[in-house]
Amino acid sequence: MAKFEKTPGWLDWYAGPAKPRFKLPAGAVDAHCHVFGPGDQFAFAPERKYTPCDASKDQLFALRDHLGFSRNVIVQATCHGADNSAVVDALRAANGKARGIATVKRNITDAELQALHAAGIRGVRFNFVKRLVDFTPKDELMEIAGRIAKLGWHVVIYFEAVDLPELIDFFTSLPTTIVVDHMGRPDVTKPVDGPEFARFVDFMQRHNNVWSKVSCPERLSVSGPPALNGEQNAYQDVIPFAKTLIETFPDRVLWGTDWPHPNLKGHMPDDGLLVDFIPHIAATPELQQKLLAGNPMRLYWPEEA
Ligand SMILES: O=C(O)c1cc(C(=O)O)oc(=O)c1
């Protein structure tokens, strides 16, 4: 199979992460992470917008164990397009400790959807971030949503905060639970109580089928400091945004590492220190339990929750 050359300037995931100081609650779930290839087994998609380093299932499972998580939710990365083989392979190898989110096209058959379900897929991702994917017509997405709703799956959406106004009608017409990636990517240089973030909070307030991942401080932060070199007070500017969502919607928030952190430009965080960020945004054991165990179990392993 083809050898892949990484996108120039690509930052590889951080090897040798710290052991977190924060003790995760029992049964904690890393509810947003990816696998990349390895490219010589699972080719990257021709239509991809970036070519990453490899990040295998075994490396993901080693990180899970090192950080103290019990389970993973593995989200199809855009570099694999709508070929979910790498995620499915990881789910099958995880012995029930992982569930997944796929990307599918309208031509997928019912039998293929059933096979994804059997492997542990529980949702599809609709991506509206223009630097990551080409445009898919909304009628195609709506048709997919209608089909996956019958399987009890949900829709994960990824978009930029500035695009919410034009997308909101589509989002609110989706027939499933909706999970927003990375808090809808707020501009954290704007006030947490300003109109842009208020729009997102209002979206969650009005629609109780909308959940949010309070993930990716390393992607959203402008002030830093980065989670590197033992830093225990990282990403100060992101804290009020994540804290607001966790405290306002304690039963509809999820957390994930986002390992292996596609497309970071400035730095690659130490995932152990990212875990140490959690108590800054979820301040009490009750909030931590919901965020890290209760909520993801209810959504991804309802039969056990
Ligand atoms: O912001 C990103 O670049 C990014 C990309 C992907 C992906 O390529 O799937 O997933 C993420 O969660 C975030």
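Values in this document were obtained by computation on a predicted structure and should not be read as measured data. As the structure lists them, so they are numbered: ligands from 1, and atoms in each ligand from 1. Side chains are part of it too, since the values below use all heavy atoms of this structure and drop only hydrogens, waters and symmetry mates.
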*Salt-bridge contact E303-R99 (side-chain N to carboxylate O under 4.0 Å)*: yes
_Separation between CD1 of I281 and CE of M183, rounded to the nearest 0.5 Å_ = 7.0 Å
_For the 3.5 Å polar cut-off, considering only N or O atoms, please tell me whether Y158 and ligand 1 meet it._
yes
*To which protein heavy atom is atom 6 (C) of ligand 1 closest, and what is the distance rounded to 0.1 Å?*
P262 CG, 3.7 Å
_From H32, H182, R125 - option closest to atom 10 (O) of ligand 1 by heavy atom_ = R125
*Which of the atoms in ligand 1, numbered in the order shown and given with their element, are less than 4.0 Å from a heavy-atom of A77?*
9 (O)
*Using a 4.0 Å heavy-atom cut-off, say whether N263 meets ligand 1 through its side chain, its backbone, both or neither.*
side chain
*Would you mind listing which atoms of ligand 1 come within a distance below 4.0 Å of any non-hydrogen atom of R185?*
1 (O)
*asked:* So that I can tick it off, tell me whether D163 and K130 are bridged by a salt bridge, with the cut-off set at under 4.0 angstrom between side-chain N and carboxylate O.
replied: yes
*Are H66 and D271 close enough that a side-chain donor and a side-chain acceptor fall under 3.5 Å?*
no
_I'd like to check which ligand 1 atoms, numbered from 1 as shown, lie under 4.0 Å from a non-hydrogen atom of Y50._
7 (C), 8 (O)
*Mind checking whether V75 contacts ligand 1 via backbone (N, CA, C, O), side chain (CB onward), both or neither, at a 4.0 Å heavy-atom cut-off?*
neither
*asked:* With no hydrogens and no angle check, just 3.5 Å: does a side-chain donor-acceptor pair link H154 and Y300?
replied: yes
_Contact with ligand 1 for D181, non-hydrogen, under 4.0 angstrom_ = no
*Is the shortest side-chain N to carboxylate O distance from R71 to D30 below 4.0 Å?*
no
*Are any of the side-chain nitrogens in R21 or D276 under 4.0 Å away from the carboxylate oxygens of its partner?*
no
